[in-house]
Amino acid sequence: MYVSRQGRKLAASGADMLELGRVQHWLEDPVRRHVPTGAVLEAWNFFEDLARGLREVHRLRQGAVHDSAYEKLFGGECAAWTPDEQCAVVELITTGVELWNSCPVVVKPGSSIVVDRGAGPPGV
């Protein structure tokens, strides 16, 4: 969606796409909605990489409850999350989305560079 808004096309569509739209939809009501396991797992990994790249790892504070929730997520066992694990995942993913939305966006790379620090795209 973001790429098309910028008047561009993807080199390869569909492959290795981060589905933040699905993740954000789940975040709107995580108690009632089914966890999009693959999308949440990919988002979690992406947000960790993004935080490291931006030197913002402190924003994604994680502990033992996150480790346990991640293992269940990786194993496709989100239904077995404890309330503490679900809360930890929701907080981490919400913080990751906020981090993504705070990223600077370079408009028209290669020409005069303009940095937009407004809200980032809702999904990639």
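Positions are given from 1, in the same order as the sequence printed here. Not measured: the values here are computed from a predicted model.
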Discussion item. If you count heavy atoms of other groups shown closer than 6.0 angstrom to CZ of Arg61, is the number above 12?
Written reply: no

Worksheet entry | Val65 with Val90, same ILVMFWY side-chain cluster at under 4.5 Å | no

Worksheet item: Roughly how far apart are Thr94 OG1 and Leu27 CG, rounded to 0.5 Å?
Response: 4.5 Å

Fill in: Within-4.5 Å side-chain heavy-atom neighbours: Cys103 and Leu50
yes

Item to complete: State, to 0.1 Å, how close Leu99 and Leu54 come at their nearest heavy-atom pair, and which atoms those are.
Response: CD1-CD1, 4.0 Å

Worksheet entry | Heavy-atom side-chain contact between Trp44 and His66 under 4.5 Å | yes

Worksheet item: Given side chains that start at C-beta, do those of Asn45 and Leu41 come closer than 4.5 Å, heavy atoms only?
Response: yes

Worksheet entry | Flag, side chain of Lys72 to backbone of Cys78, donor-acceptor distance under 3.5 Å | no

Item to complete: Let me see the working for Thr37 and Glu42 under side chain to side chain contact (heavy atoms under 4.5 Å, CB included), right down to the final yes or no.
Response: CA-CA 9 Å; Thr37 306; Glu42 290 171 6; over 6 Å; no

Response to the item:
For Leu60 and Ala51 the tightest heavy-atom approach is CD1-CB, 3.7 Å

Worksheet item: Do Phe47 and Trp100 make the cut of ring centroids closer than 6.0 angstrom?
Response: no

Worksheet item: Cluster question for you: counting only ILVMFWY and a side-chain heavy-atom cut-off of under 4.5 Å, with indirect links fine, are Val57 and Leu92 together?
Response: no

Item to complete: Could you tell me the separation between the CD atom of Glu85 and the CD atom of Glu71, rounded to the nearest 0.5 Å?
Response: 9.5 Å

Worksheet item: When you measure from the side chain of Glu98 to the backbone N and O of Thr95, does any donor-acceptor pair fall under 3.5 Å?
Response: no

Discussion item. Measuring from atom CD of Gln86 to atom CH2 of Trp81, what distance do you get when rounded to the nearest 0.5 angstrom?
Written reply: 6.5 Å

Worksheet item: When you look at Arg59 and Ser102, which way does the side chain to side chain contact (heavy atoms under 4.5 Å, CB included) test go after all the steps?
Response: CA-CA 12 Å; Arg59 292 182 63 180; Ser102 72; 3.9 Å; yes

Discussion item. With a 4.5 Å cut-off on side-chain heavy atoms, are Pro36 and Glu19 touching?
Written reply: no

Worksheet item: Between the main-chain N or O of Ala88 and the side-chain N or O of Gln62, is there a donor-acceptor pair closer than 3.5 Å?
Response: no

